Structures are given as C-alpha cells and as structure tokens.
Amino acid sequence: MTTTAPRDEQLWSRCDGCSSLLYRKRLRRNLDVCPECGSHARLDAPDRVAQLADPDSFVPLPDRAVRVDPIEFVDELPYPHRLGGARAATGLDEAVLCGTARLGGHPVALAVMDFRFLGGSLGCAVGELITRTAERALADGVPLVLVTASGGARMQEGALSLMQMATVSQALAGMREAGLLTVSVVTDPTYGGVAASFATNTDLVLAESGARLGFAGPRVIRQVTGATLPEGFQTAEYLLRHGQVDMVVPRHALRGRLAALLAAAEAGRRAPETSPAPRPPATAPTATTRPDRDPWETVRTARHPGRPTTLDYLETAFDGFVELHGDRLGADCPAVVGGIARLDGRPVMVIGHQKGHTTAELVTRNFGMASPAGHRKALRLMRLAARLRLPVVTLVDTPGADPGVSAEQQGQAAAIAENILALTVLPTPVVAVVTGEGGSGGALALAVADRVLMLEHAVYSVISPEGCAAILWPDSSAAPQAARALRLTGADLCRLGVVDELVPEPRPAAHADPGGAAELLRRAVAANLAPLLTVPPATLVRRRRQRFRRFGAARSAAAGPSAAAPAGGRAEVA
C-alpha cells in the first residue's frame, strides 16, 4: 500500500495492487489486506508478531544485536552510518525481531524479519540472532517459527554474510535431529541467501498469499538470460504449482493454520499416557466376502467412479485435514495427496492416491497414477512424520505408477524404490489400506506397512488383469480369466498373508454408502493403529522387516497356494 504520511497521522492509503483509495483504519482491521483486490501489504516485524502471537505472550530474547563492520565497507556512506539510519527509521536493532511466545496456546520460539531494515538483509548479527532463537527452541524443546522477508545476504559484510546461510542451517539441523518442528512463513519478498537457506530448509514452508520467493530476482534473471518470465513467476501461487511450498495461506488464516500444525507436532511428542487394552482375538477375515463372487466383478467394483477417494475419506473418516504440497524439487503431483489430520483425536500423517469421480477430475489427477514427484512428495511427508513422531496412514488406490515418458525421464523406478526402502526403516507406525485398486509397484510404494488392510471389494495385484492378459494370453479380452488367475481379491490375499485384515463395505459396495464406508474404514484403521503406538521404534522396524521377509521363496513354497495365514492373516503387533 502506498501512503504519504506517518502511520499515526494518515487517514487513507492507496493499494499498490488495484489503486483503490482505502480508509486506513478499515485496512488495519483487515490485517493490511486490501478488501477490494486481496493484495497483501508488507508488515513490519512488530505488527507481524502482534498478529501471530497470543496477546501479551511475546518475550524478546535478551540477546542484543552486536554492531559489526567486518570489512569496513564504504559505498556512498560508511556502513555504520547506514546501520544507524536503519535503526533510527525502524526502531529496531537489526532486521529481525526474535523471542519466545505462545501461538494458539502452543509455546514457540519466533524470529520475524523486517524488510524495512536494509531490505531485511542477512548479515552477521541477523544470523546470530536467528541462530540463538533456534538454540533457545532446542533448549526449551519447542517448535521454531521463522517469518522471512529479505532481499538476500548483506553485501556490506562480504563473505561473512554468506556464511550466515550455513550458520543458521546448522541450527535448524540440530532442531531436526531432536525431532522439533521448524516452520518458515515466507512473506513478500524473500530472495537470495535467505531463500536458499532457512526460508526453504525447514520442515514446513508456508507462503503468504502473493509472496515472492526465489534465489535470483526477476530483474537479475532477465538481465542474465534475456528470458521472458512466465506470468506470476516466483509468486506463492506459482511456487505451489511447482512443488516448492507446502501451502499458500491468506493472512487472516495464517495464525489458525500455524496453530493446527503446532498442535499436531505437540501431540506427536507426547508419549501415550496409558497402554491401550489388548485387542480381542483375531477372527477370520473372509466372513464379509461372498465366496462365489467373481474376481472380475470385484475388479470392476474397485474401479467404480463413485467409489470414495482419498479426499472423500479425509473429509469423513478423519478430522482437521491440512494438506501439504510439493516434492521441493519442482512439482506437486496431483495424483498423490497428503498432510496432517486427526483420527479419533490423534494427529496422523495421511498419504494417499487421489483419482476423482468425473472424467475431468480423473484426467486432472492422472487417474491416480503417481509421477516421480508424487512418490517424492509422499517420501518427504513420511520422513516428516517420523521426525514429529506421527503415525502414518496410507490409502492406496491406483492402477499403477505413471508409465509415461516424462515419468521415466524423471526417475520413476528410483522414486518407487526409495519409498519402499524408506518405509522399511521408518521408525513410526504405518498402517496401509488398499481402498480401490492396488496396482503393482505404484501401490507398494505406499504399502510397506506394519498392518496392511484391504477393503472388501478392493483388489491388489502385480499387474492389471488387462496387462496380464495381453502378455500371457492372446489379447486383453482374456482379462476376466486373468483376474481369476492372479488371486487379487482380499480373500485371496489374506490367505496368502499379504493382507492382514479385510474391512467390510456397506452393501452392495462402498460407492452405495460412502459415509458408511468411511465409518468402517475409520474403525478398522484406529483398531489396527492402537496396538502399534506403544511399540518401541526399533521393535517396530524389526517386526515390519520380518513381516515382509516371510514372503521369501522358501516360505512361499512351504506354505503352498492354499495355506492360510495364522490367526486369519493377522500379524503380531504386541
């Protein structure tokens, strides 16, 4: 917003986005967001703290900014003179305001940058203050929230300003090792050394609506490359589409969104107060499946366009879903969705394939076939869940991984392999549910779990019946015959020990009663997850490895195709 008088004196402001003349008090009530066009004006650090922190909870760190002039830099003015001018103009000692606070009732360490102070540039004092804030968070065992606004490293301090990128990053590494949540809130603008360090190497990266983020600014890029930049280049919305940020949040929703994430992190660090009651003895899982049901009919039911999707289950079986986006490498695959939700009040990380119900939705989501970016997004969220001690729930519904040329060029096989490896050693409980189609390696990339469940009318197979028929039969018209031969139904897979439990569906199937299907899924996931929550991580990983080790050739040959898994296919969990 453009103004012409000091804030206390001015009555009107002109919006830089739409040029509307706005009454200043109305604008302040709207958190300095233009009510006409939604443009977000820059906030100074004290105002940002006031908006985010609970009232009267912010306590500045006792550390004062040290005056430094390491290379005695002079341009039109000596560097100390510029520092003095910035301090007089802003009332701040440096370009960051640091302290402890409560946000939505949750204790945090908070560092908020101020662009008014020499462009929010990262110098030795700024780096020191943010590092001390991270060290305070580590000592107190609380999350760290960073609000960035910067043009980059401070040139007047030479290479020592460059070193601050590593100094602060090392402090964040200590937070990560301790399993403490770090969040950056990217505001406009965030560039250079700040963008290439602590603005983007936190656990979660939230961008305020309209914020710009990048290593090199648009003017530099145009000068160096001569390229015409895409519309909206480096804006928050552009970065979301390209997998660089977890979410874009308007200013009025920012505090609430942060509070929800902090609540999940805090709950994850709390050990269970009591051990859950032992589960009742397992029962055979085949009681809900008609023995005369043709497998090809089950395949067609699993593919029904009305069948509930991952997002449907997240709206009904889970509560408070906060979606996290992007692989941080350049894409946000729409075929995989994931984020933090609550299951019976407990925060969990939910990751699943997303298809859709209409043709347009299916095409947009690539029919639930994940690209390498989708698998890498899932991998990032799994690892985040482990650091925050959150259980992982995966919902599998895919014909298979994306088989396209671009997927191969981007390393599809390696992306799937990395997910399988990561799940094998993930030190947090994992429950997987095949809700529709479980197709090949694309399904297994989300299904190496402590407990593998399967909806009654879902299927899970090494290949689609059509693909199998095309390879081993004269043509794909033999798909029904291939479906019978592949033993891909839940009853078959429970007998083979691949699946631990079948989840019943409303009659005739989940698409007829999505709400009822969601309730049955919720109960099954909660019941299977509860006994895993008190198992030590090392034991959890060991048992998970043992679970999949039993599928070796010697064991499979000894068991035979009709052997039943012990206790109705249920694996040991206690």
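Keep in mind the model is a prediction, meaning the values are calculated, not measured.
- Judged by distance alone, the side chain of Thr187 and the main-chain N or O of Thr148 form a donor-acceptor pair under 3.5 Å.
- Thr394 places a side-chain N or O within donor-acceptor distance of the main-chain N or O of Leu446, the cut-off being under 3.5 Å.
- Side chain of Thr182 to backbone of Leu144: no donor-acceptor contact under 3.5 angstrom is found.
- Phe73 has its side chain out of reach of Arg154: every pair of non-hydrogen atoms, C-beta onward, lies at least 4.5 Å apart.
- Side-chain contact between Pro391 and Leu533 is present, with heavy atoms from C-beta onward closer than 4.5 Å.
- Between the side chain of His40 and the main chain of Arg251, a donor-acceptor pair closer than 3.5 Å is present.
- Between Thr200 and Arg328 the shortest heavy-atom distance is O-NE, 4.0 Å.
- Heavy-atom minimum distance, Gly326 versus Asp332: N-OD1, 2.8 Å.
- Panel note: side chain Gln244, backbone His242; a donor-acceptor pair is recorded below 3.5 Å.
- Remark: side-chain polar atoms of Thr435 are paired, donor with acceptor, to backbone N or O of Val396 under 3.5 angstrom.
- The shortest heavy-atom contact between Pro372 and Gly411 is CG-C, 4.0 Å.
- A heavy-atom distance below 4.5 Å is found between the side chains of Leu129 and Glu94.
- Taking both residues in full, the closest heavy atoms of Ile71 and Gln156 are given as CG1-O, 3.4 Å, listed atom of the first, atom of the second, then distance.
- With hydrogens and angles ignored, the 3.5 Å screen pairs no side-chain donor or acceptor of Thr90 with any backbone N or O of Arg116.
- In summary, of the residues considered (Asp246, Asp327, Asp203), a salt bridge (charged side-chain N to carboxylate O under 4.0 Å, His left out) with Arg380 occurs for Asp246 alone.
- Under a 4.0 Å N-O distance rule, the pair Glu157/Arg82 does not qualify as a salt bridge.
- At least one side-chain heavy atom of Val126 sits under 4.5 Å from a side-chain heavy atom of Met113.
- One N or O on the side chain of Gln354 and one on the backbone of Leu311 form a donor-acceptor pair closer than 3.5 Å.
- In this structure, the side chain of Ser184 engages the main chain of Ala199 through a donor-acceptor pair within 3.5 Å.
- Under a 4.0 Å N-O distance rule, the pair Asp114/Arg48 does not qualify as a salt bridge.
- Put simply, the side chain of Ser57 does not reach to within 4.5 Å of the side chain of Leu103, judged on heavy atoms.
- For Glu237 and Arg241, the salt-bridge test fails: no basic side-chain N is under 4.0 Å from an acidic carboxylate O.
- A donor-acceptor contact shorter than 3.5 Å links the side chain of Arg544 to the backbone of Leu426.
- Contact between Leu390 and Thr428 at its shortest, heavy atoms only, is O-OG1, 2.8 Å.
- Asn201 approaches Ser169 most closely through the heavy-atom pair ND2-OG, 3.0 Å.
- With respect to Arg543 and Asp450, no salt bridge is recorded, no charged nitrogen being found less than 4.0 Å from a carboxylate O.
- Counting heavy atoms from C-beta outward, Phe318 and Val393 have side chains that approach closer than 4.5 Å.
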